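All remarks here apply to the structure that follows.
Since the model is a prediction, treat every value here as computed from it, not as a measurement. Indexing begins at 1, ligand by ligand and atom by atom, following the structure's order.
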Amino acid sequence: MNFLITGGCGYIGSLLIRKLPFAFNEKTNVTILDNLSSGKEYVLANLPSKAKYKFIKGDIRKKEDLQKALDKTDVVIHLAALTGSNNSFNLQDLFRQVNYEGTKALMETCLKHGVERVIYASSCNIYGGKLEKTKITEQSAINPPNPYAKSKYNGELECLKYFRKNKLPVTCLRLATNYGWSPGIRFNLTINLFTFKALIGDNIPVFGSGDDWRPFIHVQDTVRAIIMTIKAPEDVVNGEIFNVGSNEENYRINQIAEMVKDAVVNDVEIVYIRKDDPPCTYNVDFSKIKSILGFDANFSVLDGIKEIADRFQQLRQ
Ligand SMILES: NC(=O)c1ccc[n+]([C@@H]2O[C@H](COP(=O)([O-])OP(=O)(O)OC[C@H]3O[C@@H](n4cnc5c(N)ncnc54)[C@H](O)[C@@H]3O)[C@@H](O)[C@H]2O)c1
């Protein structure tokens, strides 16, 4: 099977490209399209010999790069994006260009190449700043709290338009916030950041009151959910949206800070930093992916914190 992973040098992509060859019995070819704007080329070192890899340094906004990357592709996993919601306020147009226009250009090229399966990495962040009495489902209203979320949601709408109009076989996965180790780990995500800060003896910075809810998922579980979606029957996943996470893994930010403080040896404090942004809190329901695909998380937040601490502990030897 021939895969194209856009953004394959990033946090999720750098783990996914390593897991794919072991998830499918057939011979696997993995093409990675990444412009290395935030991803790192070193994640391509020591790839499994079980698959054939091809790296294209290119941009999802450029037609010629997409044409080259999509040659003979069966399955596209679209991870490339500008990430980091805080940065997006000052870079609205760039986020729109990459996350929306880039996605649109990719869907158009997928259609031309007759791709069999497309997975779009969307985000639970699009639900934004509201606390409902019941947990947020795929049917709940969208309220993107920042330009990043807005661009991801517009990308999602574009994907679903291609499904409805052209029968392009797309599935949108609204991922919870990831944590845990991968070759391209990001340290600007809550759990990874708090753990890293505590490990170097810095205080744990909580912006705002810390009362806001977020769903979390280990990056290994995200990769497993992507693979399960690809393996699922077409009629079950095509044109569908799934929240990807676990009902047991919604936490308030200050709960995460407490967990990190307790799990890490250093004696650090939790510091609350004033934040004037509008409130952003979402507690998400993951029953759909559990009942339809049988997916639930294998890892807990505590596992992820301990895993990162262990990785750094190994550097001492
Ligand atoms: N990590 C999370 O917690 C999380 C949560 C929800 C959704 N997502 C979504 O999952 C996807 C992957 O997330 P991640 O954490 O691995 O992000 P990441 O920032 O680590 O990786 C994104 C990759 O895309 C590449 N890229 C950026 N612009 C590009 C362009 N124009 N052309 C080609 N490549 C480009 C970057 O160089 C990087 O390697 C993103 O679409 C993100 O919106 C992530």
If only atom types and distance count, is the side chain of [X] paired as donor or acceptor with the main-chain N or O of [Y] below 3.5 Å?
X: Asn243; Y: Phe286; value: no
X: Lys288; Y: Ile241; value: yes
X: Asn283; Y: Trp213; value: no

Worksheet entry | Close-range residues for ligand 1, whose non-hydrogen atoms fall below the 4.0 Å threshold | Gly7, Cys9, Gly10, Tyr11, Ile12, Asp34, Asn35, Leu36, Ser37, Ser38, Gly39, Gly58, Asp59, Ile60, Arg61, Leu79, Ala80, Ala81, Thr83, Val98, Ala121, Ser122, Ser123, Tyr148, Lys152, Leu175, Ala176, Thr177, Asn178, Arg186, Leu189

Worksheet entry | Residues in side-chain hydrogen bond (donor to acceptor under 3.5 Å, both in side chains) contact with Asn146, at least two apart in sequence or another chain | Asn125

Item to complete: Identify, with sequence neighbours excluded, every residue that meets side-chain hydrogen bond (donor to acceptor under 3.5 Å, both in side chains) alongside Gln97.
Response: Arg61, Asp93

Side-chain donor-acceptor pairs of residues 163-176 under 3.5 Å, sequence neighbours excluded:
{"unit_1": "Thr171", "atom_1": "OG1", "unit_2": "Val237", "atom_2": "O", "d": "2.9"}
{"unit_1": "Arg174", "atom_1": "NE", "unit_2": "Glu156", "atom_2": "OE1", "d": "3.1"}
{"unit_1": "Arg174", "atom_1": "NE", "unit_2": "Glu156", "atom_2": "OE2", "d": "3.2"}
{"unit_1": "Arg174", "atom_1": "NH1", "unit_2": "Tyr127", "atom_2": "OH", "d": "2.7"}
{"unit_1": "Arg174", "atom_1": "NH2", "unit_2": "Glu156", "atom_2": "OE2", "d": "2.5"}

